[in-house]
Amino acid sequence: MLVRIVGAVGVGSAVGILMSGATVARRYDKPGSTCFAGYTALVGLGLGVVSVGVFTGFVPVTDFGGAVGRWLALVWILPTGLWAVFALRYTGRFISLTLKTALLVAFPLLVFIMQFVLSGVSDVPTQVAGLLGITVRNYGLVLAIAGTVLVVRATQRYDHTVIWQGVALAVAPVAMWLPWSSLPYIAQLGPTAGGAAYALGSLGAVCGLGLAVFRFDAFKLAPTVGVVGERDLIDETDDLVLIADDEHRVVRANESVRLASDGGNPSAGTVTVEDMLGYDVGGLRSTETVTLSVAGASAKYDSQVSTVVDQGDRVLGFVVSLRDVTERNLRKERLAVLNRVLRHNLRNQLDILNAHLEIIEDDHADRAVETTDRIVRMSNHARTIDNLLSETRGHVSVDVAELLRDTVATYDSSIAVEVSDSLVITTDRAALEAAIESAVDNAVTHATDVTVVLRPIPDGCELQVSDDGPGIPESELSALKTGTETPLRHGTGLGLWQLTWAARTLGGEVSFDVSDGTTVTITVPDSAAPEEQ
């Protein structure tokens, strides 16, 4: 009865193992899936054949040692080459199907064939066959353990996978190896112990593979991309990246560095960072931009130096990264030149034009003056925006109520103001002033009834500017939402852009309600630390 139960358990386990492999082969085209399917096919078929033999009595069973143990050794040892190849591919370590790979996979089978041949030769000592058996067992054990360690470590390392994927996959070879390789010794305790070891290896294999495939999605969420991406990060990036030891000797450099350097091959072990780049580590750390010659053309790079330390805070070396900013710097230079022209030359010419137009008493001249005034205001907005985006300012204590009253007082229009005597927060004063000015100016320009309300909110304040004007056109609001100006969707000026960018500089938000006139709401956070409030 015990023999039939153990045989039935083995047959059922074999069917489950084959189903797991077939599912992976059918559903997934991932690195290692083919080898996994091959591994499960060999294990499943081998276990199924042996178990059918045990169940039918074709394989003689006394204590589950002897012939049964030898057959089970074949079941777990023969596929270990495929298991190792699967583990390498599954963890992103590509291995091609070459003659060496074929020998890796087929080595256990070749040794078993050699054993079988030598066993029929009377002149060969039995110790030779025994030595071959020990060799192939150790070989299989090494492959099984190495593959298991690779899989478990890879699944534990990356956020999108869980270590239980690797553990479940590792259960199969471990569950088979531990009880089945010990079967000759366990069987000495009696048939029940031998049968339990047989069944334990079978159930462990099918449960591990089944959990890995169906419960933990081991092939849907494989660690391959993490391993390959991490490995290729240095080589595939366009940045110049190199790794140096604590003596500043280069131990690794990507191809971009090699193209930009005439300092020799780092594989010599004596090439320093200064040899390759013309700057030492200290110089790269202290210099914002360095200039290198690449393919005969000069290019500018932003440099970043990171220190590599071990768990004891000992400095092991440095990672140097250089990013090409040639185009960015050129674009910045062009914008600076155009901005100077806009701020100085154009405004000066408009002032001269206005002076001449004011002498002429004519409706056309009045319209021309209004136009030039709008251009001047646009120039002022551009200057304010440039200052907001290009300058770095510290946060200071600002009485928002006082700043609001001072801003409103500069307008001739009647503006209703609802504000407390004082409301002090810590923020960027220039950005806050630009935001208030933009909101009030937009309202005064397009409406006659303007109301400004300032109220405190948790961790900051809220400014609301309402008017009875026609509302902001949808084209302008759409441009603000998308962050782009196009021929079909453009604003009529820079005032709303100034408001939007100023609010972003403040770390706040701005919203528009155009259902009845226009209501602009600006929230401004208080950046003061909790202990300062």
Going by heavy atoms in the side chains, are Trp164 and Gln156 under 4.5 Å from each other? no
Any carboxylate oxygen within less than 4.0 angstrom of a Lys/Arg side-chain nitrogen, looking at Asp302 and Arg323? no
d(Arg455 CZ, Gln464 CD) to nearest 0.5 Å is 5.0 Å
Asp239 side chain to Val241 main-chain N or O, any donor-acceptor pair under 3.5 Å? no
Between Ser20 (side chain) and Gly16 (backbone), is there a donor-acceptor pair under 3.5 Å? yes
As an exercise, state the distance from CZ of Arg405 to CD of Glu402, rounded to the nearest 0.5 Å. 6.5 Å
The residue among Asp467, Val465, Val452, Thr407 that forms side chain to side chain contact (heavy atoms under 4.5 Å, CB included) with Ile415 is Val452
Has Ser33 got a side-chain atom pairing as donor or acceptor with Asp29's backbone, closer than 3.5 angstrom? no
Within a radius of less than 6.0 Å around CZ of Arg26, do more than 12 heavy atoms belonging to other residues, nucleotides or ligands occur? yes
Please tell me if the side chains of Asp468 and Thr448 come closer than 4.5 Å, counting only heavy atoms from C-beta onward. yes
Does the Asp245 side chain pair with the main chain of Phe318, one donor and one acceptor, at a distance under 3.5 Å? no
Shortest non-hydrogen contact between Ile17 and Ala205, atoms and distance: CD1-CB, 3.9 Å
Is the shortest side-chain heavy-atom distance between Val514 and Thr519 below 4.5 Å? no
Closest non-hydrogen atom pair, Thr155 against Pro223: CG2-CG, 4.2 Å
Could you pull out the closest heavy-atom pair between Glu509 and Ala503, with the gap in Å? C-CB, 4.4 Å
Under 3.5 Å donor-acceptor, Thr427 side chain and Arg429 backbone: no
In Å, rounded to the nearest 0.5 Å, how long is the span from OH of Tyr279 to CG of Leu284? 8.0 Å
Is any side-chain heavy atom of Val271 closer than 4.5 Å to a side-chain heavy atom of Met276? yes
When rounded to the nearest 0.5 angstrom, what distance separates CD in Glu433 from CG in Leu403? 5.5 Å
Below 6.0 angstrom between ring centroids: does that apply to Tyr28 and Phe36? no
Between Ser303 (side chain) and Thr287 (backbone), is there a donor-acceptor pair under 3.5 Å? yes
Applying side chain to side chain contact (heavy atoms under 4.5 Å, CB included) between Ile425 and each of Cys461, Pro456, Pro525, Ser527, report the one that passes. Cys461
Measure the spacing between CD of Glu437 and CG of Leu404 and express it to the nearest 0.5 Å. 12.5 Å
Between Leu150 and Leu88, is there a side-chain heavy-atom distance shorter than 4.5 Å? yes
Go through it in stages, so that I can follow the logic: the residues are Leu277 and Leu322, the test is side-chain contact (heavy atoms from CB on, under 4.5 Å), and I'd like the CA-CA distance, side-chain angles, deciding distance and then a yes or no. CA-CA 10 Å; Leu277 301 177; Leu322 300 169; 3.7 Å; yes
Step through the shown structure and confirm whether more than 12 heavy atoms of other residues, nucleotides or ligands are within 6.0 Å of NZ on Lys30. yes
Between the CG atom in Leu463 and the OG1 atom in Thr521, the distance rounded to the nearest 0.5 Å is 8.5 Å
With no hydrogens and no angle check, is any side-chain donor or acceptor of Ser438 less than 3.5 Å from a backbone partner on Leu496? no
Is there a donor in the side chain of Asp275 and an acceptor in the side chain of Thr272, or the other way round, less than 3.5 Å apart? yes
Indicate yes or no: at least one non-hydrogen side-chain atom of Tyr39 is less than 4.5 angstrom from one of Trp83. yes
Which atom pairs, donor and acceptor, lie under 3.5 Å between side-chain atoms of residues 207-217 and protein residues at least two apart or in another chain?
none

Identify the heavy atoms of Ala502 and Ala431 that sit nearest to each other, and give their distance. CB-O, 3.5 Å
Side chains of Thr40 and Leu18: does their closest heavy-atom pair fall under 4.5 Å? no
Looking at Asp526 and Thr426, would you say the former's side chain and the latter's main chain have a donor-acceptor pair under 3.5 Å? yes
Is there a donor-acceptor pair closer than 3.5 Å between any side-chain N or O of Thr445 and the backbone N or O of Asn442? no
What I'd like to find out is whether the side chain of Tyr90 reaches to under 4.5 Å of the side chain of Val151, using heavy atoms alone. yes
Within the distance-only criterion (no hydrogens, no angle test), does the side chain of Asp428 pair as donor or acceptor with the backbone N or O of Leu506 below 3.5 angstrom? no
Minimal heavy-atom distance between Tyr411 and Val440, with the atoms involved, is CE1-CG1, 3.7 Å
Kindly determine whether Val424 and Val400 satisfy side-chain contact (heavy atoms from CB on, under 4.5 Å), including the steps that lead there. CA-CA 6 Å; Val424 179; Val400 185; over 6 Å; no
